[in-house]
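Notes to accompany the following structure.
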Amino acid sequence: MASLLPSIATSNKRSNINLSDKYVSLLQKCVSFQQARMLHAQILKSGTHQDLFVMTSLVNIYGKCGAIEAAHKVFDHLSETNVVTWTSLMSAYLHNARPQQAFQVFLQMLENGSYPTNYTLGVALNAASSALYDVNVGKQLHGYLLKYGLEDDTSIGNALCNFYSKSGGCMEYAIKAFWRIPQRNVISWTTIVSACGHNAHFATGLAFFTSMLQEGIHPNEFILTSVFSLCCTMQAIHVGLQLHSLTIKIGFQYNLAVTNSIMYLYLKVGWFAQAKKLFHGLEQVSLVTWNAMIAGHAQMMDLEDNNVLASRNGIEALDMFLRLQRSGLKPDLFTFSSILTVCSNLVALEQGEQVHAQAIKSGFLSDVVVGTALVNMYNKCGSINKASKAFVEMPSRTLISWTSMITAFAQHGFSKDALDLFNDMRLAGDRPNKVTFVGVLSACSHAGMVDEALSYFQMMKNEYKITPVMDHYGCIVDMFVRLGRLEEAFDFVKKMEIEPNEFIWSLLVAGCRSHGNLELGFYAAEQLLCLKPKDPETYTMLLNMYVSAGRWKDASKVRKAMKDENVMKKLKDWSWISVKDKVYSFKADKCDDLLGDLLEKSRHVGYQEEEEGKEAKVHHSERFAVAFGLLKIEKPAVVRVVKSTTMCKECHSFIKSVSLLMEREIMVRDCKRLHRFDDGKCSCGDFASFL
DNA sequence: ATAGGGTTAG
């Protein structure tokens, strides 16, 4: 063992050690590429660039700041190399998600005649266990370690524990490897806690952290961030709060990484004010701070019931993206994927396209997560061609990217493309999951392919052992309802293995209304109101059902109930549209000039207002947003609108007429589906859960 | 002077 793990001879060429040590310690505190470059310049001026320790630290720091080219350049100019310099270069590659190159450096080092130390082998093992690299190499390394009796070393034990948790996520082996470490240090504990987090063993992870505290080991910033990340995935805000006080007690409240992780926890559980307080209290921010804020705002948009607030969050996230860049930081793959999600939620195509261009320039489009986010952005902005182009251009695919594209085709009514792609996915050897099947089933439902849908449903259960969830049942119900096969829809619901929820009942209510089956419709509406009392959309559908049936007495009863219970106040009808770099929002209101003109003209192409519409002179918000879009957005660009509630039948047919009349493609994404209007037709196939 | 962490897509 001694011959394989030699102690490192200190270079005797070091001169002016005091100054060199000063630079080494300055470099270790460095957090950004800019700072590193500044220090580099000073080092050159001071002459300490002759010192191997200083230059090794520089390799490390450049590596940690994501400047792998700079790190390698410094390494190439070193006056001499030893095992520490080689190890530093390896870890630089590892930090920059290039484990394969890290391993190449390891092999080069061996060729060069340097003996690996325990640190070197640890890095090599971590490189091999990275998800991006080969598991077999890790196993070979493990064999090598066993052969030379090296597995009792703490560094190597840590790396082994990491290896087991990542290769196949085998927690049992990881935990065994952890307890086998002879002298566990903070790094060992951090490794096991974060392993628990990555493999969804949350309670175990917290228990490990507590054990560590009981053993009297002092936490550092790394274990704190790991344990906050654990809370984040668990949404365990109360544990998080306790840990936050612990953090303050032990003096880590001004630590940037720790604050970032606490801030992200608050954002994840929706504690916006607390997150912002932490953000504003920061003296300096890092790229991770911005990324966490942007990602937090992006996911907040999904959680937000109030769409006006949701769009405000999105706009704020876009603003942060600008501020990030103005501060001189370079966005990374996390930034790009989050900001693309923001653009999709805002249906901000123009901004999305700009981000796309930036992502190409900075080379992050090769990342599969960014690529998938791009596919989703184009899909949600209604541009199926661009989504498909982005998908085709992706260098690699994952389950999520296949699923995104399949779902995109399905949502746009390209059922055949969706099902073909599903076939390609299976041929490529990727295993579909339950989300993939939601896409597949909705493709069938959209095209009315009953036999196919039922056979895919069986395939999912039998071949892939996936238990159906509400969305799967919803697709089948939706399909029967679209075809007007209401009895079959109700039969299917009766046989469901789970209790139907409001989503299922609202499909049935809408279907019954649209096909004029009042008996079943009232029954479904009753069930729906049990689950969602005083729901404004249900009341509206019920009211419309009575009106269509000419049951005026019942209709006025419902209307009175709606008035008495103030139901309509709960229906917040908002639409918004993004033009250039601004987002405009509209609420339901009285008719203005442009809209009046459109209404007048559309009567000539066959659009007729229902009796209801004439009486209530208030117009739904999407009409204003569409009218505004027609004025502000030049042909042939598509007018894209997002709406907070479900579209009503009348607005749907109105916008169909407008698309014909103005010769414009118009897209409206309501809270249930996507509608792409073109040439007087809509991609939803004219059946939707209309109000 | 080398090991460990936090932020991402359906």
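In what follows, every chain begins at residue 1, and chains take the letters A, B, ... in the order their sequences are listed.
Residue A/H95 places no side-chain N or O under 4.0 Å from the OP1 or OP2 atom of B/dT2. Between A/S229 and the phosphate of B/dT7, there is a side-chain N or O to OP1/OP2 separation shorter than 4.0 Å. One finds no side-chain N or O of A/S91 lying less than 4.0 angstrom from the OP1 or OP2 phosphate oxygen of B/dT2.
For A/N82 against B/dA1, a side-chain N or O and a base N or O form a donor-acceptor pair under 3.5 Å. For A/N433 against B/dG10, a side-chain-to-base donor-acceptor contact under 3.5 Å is present. Donor-acceptor pairing under 3.5 Å, judged by distance alone, is present between the side chain of A/T87 and the base of B/dT2. With hydrogens and angles left out, the side chain of A/S337 and the base of B/dA9 share no donor-acceptor pair within 3.5 Å.
Within the 4.0 angstrom heavy-atom criterion, base atoms lie near A/T225. Counting any heavy atom pair closer than 4.0 Å across all strands shown, A/N376 reaches sugar-phosphate atoms only and no base atom. Contact annotation for A/V123: backbone-only contact, meaning every heavy-atom pair under 4.0 Å involves sugar-phosphate atoms and none involves a base. Across all strands shown, A/T398 has heavy atoms under 4.0 Å from base atoms, whether or not it also approaches the sugar-phosphate. Across all strands shown, A/S155 has heavy atoms under 4.0 Å from base atoms, whether or not it also approaches the sugar-phosphate. At a threshold of 4.0 angstrom between heavy atoms, the contacts of A/I294 with the nucleic acid are absent. Residue contacts shown for A/A295 are limited to sugar-phosphate atoms, with no base heavy atom under 4.0 Å away.
A stacking contact links A/F53 to B/dA1: the aromatic ring centre lies within less than 5.5 Å of the base's six-membered ring centre, and the planes differ by less than 30°.
Taking the six-membered ring for Trp and the full ring otherwise, the centers of A/F422 and A/W402 sit at least 6.0 Å from each other.
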